[in-house]
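Structure first, commentary second.
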There are 2 protein chains.
Amino acid sequence: MVEQHPAQLDAVFHALADATRRHMLRSLATHEHSIGELAAPFHMSFAGASKHVKVLERAGLVRRTVQGRTHLCRLEAQALAEAHEWMRYYEKFWNNRLDALEALLRAGDQAPKPSPSQKGKKP
Amino acid sequence: MVEQHPAQLDAVFHALADATRRHMLRSLATHEHSIGELAAPFHMSFAGASKHVKVLERAGLVRRTVQGRTHLCRLEAQALAEAHEWMRYYEKFWNNRLDALEALLRAGDQAPKPSPSQKGKKP
DNA sequence: GACTTATTAAACCAAACGGTTGACAAATTC
DNA sequence: GAATTTGTCAACCGTTTGGTTTAATAAGTC
């Protein structure tokens with residue numbers, strides 16, 4: 001019921017709440033990139049991209065290895081897994097819409113489920 | 001590769017990037033709540049809670065029905081599903097860690113991956 | 001050593017955030 | 001009708017954000 005790592009979740013969700021950073025993650029999914037390469041698609045200054053990467057790093061989504069004068073960034077998806085897991089708690093609310101939800105809410109009492117006929121569910 | 005609803009994702013992730021709002025969602029998962037009920041656990045002003053709820057509403061995570069003078073808020077999980085789906089793309093990076101990942105990375109280029117010994121090539 | 005490249009640091013800016021207070025409006029209760 | 005409850009709105013405050021520009025640093029290159 002209580003979150004284990006609220007600050008971590010804060011950081012991850014905040015990092016994801018920006019289209020530029022999400023795009024960077026997509027790029028990093030295929031292979032590593034330097035800061036400059038990450039900045040390029042957005043006609044954004046180096047410093048701007050550097051800040052975004054730092055946000056991703058703080059969230060644990062990216063790890064950097066300095067190699068000579070270039071900083072190579074690599075996706076670190078484990079942090080995403082935690083946020084994903086957090087969301088999974090709500091899966092029941094969008095998956096089995098009414099049936100399972102009602103069943104869940106009725107968990108306390110044993111009343112049989114009234115057969116719904118309006119949501120176009122398939123057997 | 002291109003996101004379908006970037007603004008929607010922005011709103012959802014931003015809404016989730018706050019522990020207070022995440023807690024509100026948890027409360028709403030069990031049953032509906034008024035603004036005042038949502039505010040109570042945080043010894044926060046009505047206006048403060050009202051702002052948070054508005055953020056959740058804008059993200060499509062909460063729907064409100066005015067009933068007399070009280071505003072009843074209900075969880076709307078479908079918006080979460082979309083964000084969840086976005087993250088699912090990265091599942092392969094934390095599930096089958098190295099095998100599938102390396103296979104994926106080698107898909108395009110045939111260069112053998114050097115062992116993670118050291119990068120220093122200069123004498 | 002001088003130049004170029006890749007990146008950070010620092011200072012700045014306008015906008016947004018999270019929160020408050022005070023004034024107001026609509027239901028409800030007395 | 002007056003008071004209370006439930007909530008919004010607008011203004012404010014201090015902090016953070018996303019971005020810039022201008023140095024400054026560190027590593028290759030000539």
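Order of the sequence lines sets the chain letters (A, B, ...), proteins ahead of strands, with each chain counted from 1. Here the structure is a predicted model, which is why all the values come from computation and not from measurement.
- The interatomic distance linking A/Ile35 (CD1) with D/dA26 (P) rounds to 17 Å, in whole Å.
- A straight line from CG of A/Leu16 to P of D/dT17 spans 15 Å, rounded to a whole angstrom.
- Here D/dG7 presents its C1' atom at 13 Å from CG of B/Leu38, a figure rounded to the nearest Å.
- Annotation: salt bridge (charged side-chain N to carboxylate O under 4.0 Å, His left out) contacts of A/Asp18 (sequence neighbours excluded): none.
- Look at A/Arg69 and you won't find any side-chain N or O under 4.0 angstrom from OP1 or OP2 of D/dT25.
- Of the possible donor and acceptor atoms, none in the side chain of A/Thr70 sits under 3.5 Å from a partner among the backbone N and O of A/Val66.
- Taking 4.0 angstrom as the limit, B/Lys51 places none of its side-chain polar atoms (N or O) nearer than this to OP1 or OP2 of D/dC9.
- A/Tyr89 carries B/Arg26 over the face of its six-membered ring, with the cationic atom under 6.0 Å from the centre and within 45° of the normal.
- Taken from CZ in B/Arg88 to CZ in A/Arg88, the straight-line distance is 13.0 Å, to the nearest 0.5 Å.
- Of the possible donor and acceptor atoms, none in the side chain of B/Glu82 sits under 3.5 Å from a partner among the backbone N and O of B/Ala79.
- Proximity of residues 40-49 of chain A to DNA chain D (heavy atom under 4.0 angstrom from any strand atom) is restricted to A/Met44, A/Ser45, A/Ala47, A/Gly48.
- An OP1 or OP2 oxygen of C/dC17 is reached within less than 4.0 angstrom by a side-chain nitrogen or oxygen of B/His14.
- Side-chain proximity of A/Thr70 to D/dA11, D/dT8, C/dA6: nearest is C/dA6.
- The side chain of A/Ser34 places no N or O atom within less than 4.0 Å of a non-bridging phosphate oxygen (OP1 or OP2) of C/dA6.
- Taking only side-chain nitrogens and oxygens, A/His52 never comes nearer than 4.0 Å to OP1 or OP2 of D/dG18.
- In this structure, CG of B/Asp18 is placed 11 Å from C1' of C/dG19, rounded to the nearest angstrom.
- The side chain of B/Arg64 contributes no N or O atom lying less than 4.0 Å from OP1 or OP2 of D/dG7.
- Remark: the A/His84 side chain and the B/His84 side chain contain an N/O donor-acceptor pair separated by less than 3.5 Å.
- Rounded to an integer number of Å, the gap from CG of A/Leu72 to C1' of C/dT7 is 13 Å.
- Dashed line: the shortest gap from a side-chain N or O of B/Lys54 to OP1 or OP2 of D/dT8 is not under 4.0 Å.
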For this session: Walk me through it: do B/Arg21 and B/Leu61 pass the test side chain to side chain contact (heavy atoms under 4.5 Å, CB included)?
Result: CA-CA 10 Å; B/Arg21 286 191 291 264; B/Leu61 291 166; over 6 Å; no
